[in-house]
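Small disclaimer: the values here were computed from a predicted structure and weren't measured. Atom set for the values below is all heavy atoms of this structure, side chains included, hydrogens, waters and symmetry mates excluded.
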Amino acid sequence: MARGGPRLDHGRRRELGQSFQDGGRHYQQVRPGYPAESARWLVPSGARDALDVGAGTGKFTELLLDLGLSVAAVDPSADMLAQLAEHVPAATAVLGIAEATGLPDAAFDVVTVAQAWHWCDALRASTELARVLRPHGTLGLVWNQLDTSVPWVHRLSRIMHAGDVYKPGHRPLIGPEFEALEDHLTHWQDSVTTADLMELTKSRSYYLRAGEATRAKVLANLDWYLHEHLGHGPDEELELPYLTLAWRAVRA
C-alpha cells in the first residue's frame, strides 16, 4: 500500500514525535477524522474490548466507541489525553506508549494505531501489543494521507511538507508476533476552508519543529498558492481529497 509515514532514524523519530506533546486543543480542532468504513473493516466480528494506541485527542477512538466497543486509549501526551477525555469521555484514557502500555496481558480483542505507527519502534511495539491482545486478536494500523494523485493536492502536500506519498505494494513493518496482513483503502473528502488548511499546516510535525523563518516561509508559500495561484477566497469551502490506508493482522 503506502509508505504510511516518514522514514526516520530513531533519534529523529523521537524528536519529531515530541512536537505533539502539547497543542492538543489545536490538533483536535484542525486534524481530520477518519471514515467509519475503516473502523468497521478493522474490527473483527464479536470483538468487545479495544485498545487505541497513540490515540491523541480520540479521533479514531470515537469510531471504536460508535461500534459498541469498550475502549482504552493510550497516548504519551497528557495534553492530548485531556482533549480525549473531554471529547470522548466514555473511553478510558491511559498515559503510555506503544512499546510499554502498562496494561494487562490478553485484555483486548483488537488494538488500533491510527496516524502513529511511524512514531513507534515497530518491532518493540509489536511485541507489546501482541502481549495485550487475546489469542487471534487483531492489530489494526491506520493512516490518513492527502490524495496526491490529484495534481493540486500533490503541490499542496509539498508546500505543507506533509510527507504523503502513496506507494502501491508497500507494507508496514510489523513483528513476527503477527500474521495474515491485509490492506484496505478508502477514498473520501474533507470539507475545509483555506483558513483551515493554514491551521492544518501548523499542526504538522515539520512546522511544529521548524524555526520562525521556516514557518513564515511555509505559510507565505501556502497563502500564495491557495489565494493567488488557485484563486480561492479565504472563506471558500473546498473538498480536500484523502486516502485512508488501513492494515490488519492477526496475533499469531
What are the two closest heavy atoms between [X] and [Y], and how far apart are they?
| X | Y | value |
| --- | --- | --- |
| Ala91 | Leu84 | CB-CD2, 4.2 Å |
| Thr186 | Pro35 | CG2-CG, 3.8 Å |
| Tyr34 | Leu63 | O-CD1, 3.5 Å |
| Ala249 | Phe178 | CB-CB, 3.9 Å |
| Pro241 | Val150 | CG-CG2, 4.1 Å |
| Leu42 | Leu141 | CD2-N, 4.4 Å |

> Are Glu199 and Lys202 close enough for a salt bridge, meaning some N to O gap below 4.0 Å?
Replying inline: yes
Backbone of [Y] reached by a side-chain donor or acceptor of [X] within 3.5 Å:
| X | Y | answer |
| --- | --- | --- |
| Arg215 | Tyr207 | yes |
| Asn144 | Gly33 | yes |
| Asp223 | Ala220 | no |
| Thr101 | Ala98 | no |
| Thr214 | Ala210 | no |
| Tyr225 | Arg155 | no |
| Asp190 | Leu240 | no |

> Among pairs that include at least one residue of residues 225-246, which meet salt bridge (Lys or Arg N to Asp or Glu O under 4.0 Å), considering only residues two or more places apart or in two chains?
Replying inline: none
>> Per the salt bridge (Lys or Arg N to Asp or Glu O under 4.0 Å) rule, what does the pair list look like for residues 127-151, sequence neighbours excluded?
In response: Asp49-Arg134, Asp105-Arg131, Asp109-Arg134, Glu128-Arg131
Will you find, in the side chains of [X] and [Y], an N or O donor that is under 3.5 Å from an N or O acceptor?
| X | Y | result |
| --- | --- | --- |
| His184 | Ser38 | no |
| Ser126 | Glu177 | no |
| Thr244 | Trp143 | no |

> Centre of Trp247's six-membered ring, under 6.0 Å away, within 45 degrees of the axis: is that where NZ or CZ of Arg171 sits?
Replying inline: no
>> My understanding is that only one of Thr194, Thr193, Leu230, Asp196 makes a side-chain contact (heavy atoms from CB on, under 4.5 Å) with Leu238; could you say which?
In response: Thr194
>> What verdict does the side-chain hydrogen bond (donor to acceptor under 3.5 Å, both in side chains) test give for His154 and Ser149, after you've listed the backbone C-alpha separation in whole Å, the side-chain angles of each residue and the deciding distance to 0.1 Å?
In response: CA-CA 7 Å; His154 183 264; Ser149 69; over 6 Å; no
> Cluster question for you: counting only ILVMFWY and a side-chain heavy-atom cut-off of under 4.5 Å, with indirect links fine, are Leu173 and Leu129 together?
Replying inline: no
